[in-house]
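The first residue of the sequence shown is numbered 1, and numbering continues consecutively from there.
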Amino acid sequence: TIARTGPFELTVPVNGARLWDEYDPSLYTLALDFAGDHREVSFGLRQISTRGTQFLLNGRPIFLRGTLECNIFPLTGYPPTDVESWARLFRIARSYGLNAFRFHSYTPPEAAFTAADRAGFLLHVELPVWSNKVGKDAALDDYMRAEGYRILKAYGNHPSFTMLCLGNELVGDDAFMDGLVAEFKAADPRRLYTFSADHRRRAPGPTSDYYVTQQPSVGRLRINGTRFGPSEGGTDIDFSASVRAVPMPLVAHELGQWAVYPSFDEIASYTGVLKARNLEVFRDQLAARGMADQAADFQHASGKFSWSVYKEDIEAALRTPNFGGFFLLQLQDFPGQGEALVGLLDSFWNTKGILTPEEFRRFNSQTVPLARMKKFVWTAAETFTAQAEIAHYGREALPNAAATWSVTDDAGRLLHHGDFPRATLALGSVTPLGEIRLPLAEFKIATHLKLAIAVPGPLPGDAAANDWDVWVYPAALDTQPPPGILVTTALDTAARARLAQGGRVLLHTPKSTGLLPMRFLPIFWSKAWGSGSFTTQPAAMGVLCDPAHPALARFPTAMYEQWQWWELTESSHAFILNDTPAAFRPIVQLIDDFHRNHKLGAVFEARVGPGSLLATSFDLSANLDTRPVARQLLHSLQEYVRSDRFRPLQPLSIDELDKLHLFEPRP
């Protein structure tokens, strides 16, 4: 009992206190009585700090594995104020291996902090500002200062409140922003601060504790003409150059942003203030194209493709020594700004059935095995090599870890395996395990392999495993035209005559008019929002095919686009098949942007009168000696067109084919 008036400080010892962190979110309650006025305050004991380019929580290195929360609550239009609603989101995020949330240009209600305290989540919150006038508008500047102090006062005791940022992608007076950060740090040093989440000022502010930037992103590093073009590469890429350039923890800004085709079943979930009128338009347009029955396949195939690219984004961050972490864009869809349907989950945080939490945690968790390989596609004349590593940000170091590797085929047969030398996995480290070497001469036919690395842990929850796709193709193939088959690049007089005589024609027209440009990467964010590269980026959202189709019998693939398709789809084209009958389906279909819903194909077959046509828009003729994937697909198509199984059932007339512009460009 203290008899005193005015502000005062009181030090209360907490003997044997447990520290708050993501693994043990210990909380305490301070009870105060002021002249009969009783108040209780929940708090946790923790220290968030930095050392070099790493974050420390209670002196232990941590890695931010975060998602964005952009105030997406379609039923109400505002964030919930009850703890359980937020607890549900943190439970789901934890199941996918995440440990952090970034609140994009806003600060959530106190219920979110309370739920995050209990769940052990680290929160990066922001002033509600997204402006290019910071430091140049007196009213805005006064508001930012006052609002920042209000946020610190209201939520400062929550241990989950680990980071405060002035806003999203701010532009303006750098000195003002740096000064305001310094003010807040002096007023409340219990958390870390930064001046902006991403910024055109390509350097951190001198008063900031960490730097959030879009530069560390695989999609942006793999530039080939535009920001959306990758080089094929493999997994031997990281963001070390960016880390060396910045003397503080570096956090990847809005990592990913790869779109997924929408689920029209989600429309029924919009029972509140918002209605999915946009999804209704896309659904009706797809139906008008005669493809309503493919909607679920479009979502699944585009989702598997997009999240295979997300996987490479995440692993590149984890492969980077001394990296700070990332904030995805994002685990759930963002239905605003032109439908950024970029999530593994929908806008209601329900699964899309693309990846299970267990599958996702293989490459997004506290301990993740990693493989550095120069490429995904190899030939039987080569020796496969990969450098194995493990990123470890767990509760404690793992001494004497016994990691193993294995290679299996599509039938699940174990073909090769080995043990790495035992190693100690230090906290906050990327530990080399050793090299994997595998001569590939034994693979006489095109083969898809799965490389896996696993490490047991002292507890079941500490075990970790991860895997990667690898393709092996013959070093040489006979790609001469099959006897009796007309191979041509145009539906010219000779091709029409052969079809009229009941013959077989293999047509590949990579340079014909009327084709739609393609690239390997999925759609970035959305073609419907913004201008410039947003609207002009290639529109395909990946491949949809039946791997069991006999045309693909010698071309191993899943039903969706994987990394081996890069050689075929990057800088390629697709047939626009809108003028074919509604039920007409290509063998290799391309999923179009859902704002347009063209029927697209890269390989199709048709019965043309008494003749049979197999057509492809892929370039299967140039530089085949250095393009094993193109060579293999050509071989598979040729073997199919010469076989007894080549009996197209879908009819197309010459007039319908002419509408597809399957001819050489006229001068």
is_close_aromatic([X], [Y]), centroid dist under 6.0 Å:
{"X": "Phe604", "Y": "Phe584", "answer": "yes"}
{"X": "Phe520", "Y": "Phe305", "answer": "yes"}
{"X": "Tyr96", "Y": "Phe360", "answer": "yes"}

For the pair [X] (side chain) and [Y] (backbone), establish whether a donor and an acceptor sit closer than 3.5 Å, ignoring hydrogens and angles.
{"X": "Arg585", "Y": "Ala582", "result": "yes"}
{"X": "Trp378", "Y": "Lys375", "result": "yes"}
{"X": "Arg319", "Y": "Arg372", "result": "no"}
{"X": "Thr67", "Y": "Leu331", "result": "yes"}
{"X": "Arg627", "Y": "Asp619", "result": "yes"}
{"X": "Arg519", "Y": "Ser572", "result": "no"}

Where do Gln330 and Ile72 land on the side chain to side chain contact (heavy atoms under 4.5 Å, CB included) test, with the steps shown first?
-> CA-CA 12 Å; Gln330 53 191 29; Ile72 305 166; 3.2 Å; yes
Does a side-chain N-to-carboxylate-O contact under 4.0 Å join [X] and [Y]?
{"X": "Asp579", "Y": "Lys599", "result": "no"}
{"X": "Asp593", "Y": "Lys527", "result": "no"}
{"X": "Arg283", "Y": "Asp265", "result": "no"}
{"X": "Asp410", "Y": "Lys450", "result": "no"}
{"X": "Arg277", "Y": "Glu280", "result": "yes"}

Aromatic rings Phe555 and Trp565: how do their planes relate, parallel, tilted or perpendicular, breaks at 30° and 60°?
-> perpendicular
Any idea how Tyr261 and Phe264 line up, ring-wise: parallel (<30°), tilted (30 to 60°), or perpendicular (>60°)?
-> perpendicular
Start with the C-alpha distance between His595 and Gln285, add both sets of side-chain angles, then the distance that settles side-chain hydrogen bond (donor to acceptor under 3.5 Å, both in side chains), and finish with yes or no.
-> CA-CA 9 Å; His595 296 94; Gln285 185 185 57; over 6 Å; no
Residue pair Gln564 / Asp469, side-chain donor-acceptor N/O under 3.5 Å | no
Are side-chain N/O atoms of Trp468 and Glu315 paired as donor and acceptor at under 3.5 Å?
-> yes
Let me check something: any side-chain donor-acceptor pairs from residues 606-614 under 3.5 Å, sequence neighbours excluded? List them with distances.
| unit_1 | atom_1 | unit_2 | atom_2 | d |
| --- | --- | --- | --- | --- |
| Arg607 | NH1 | Leu649 | O | 2.9 |

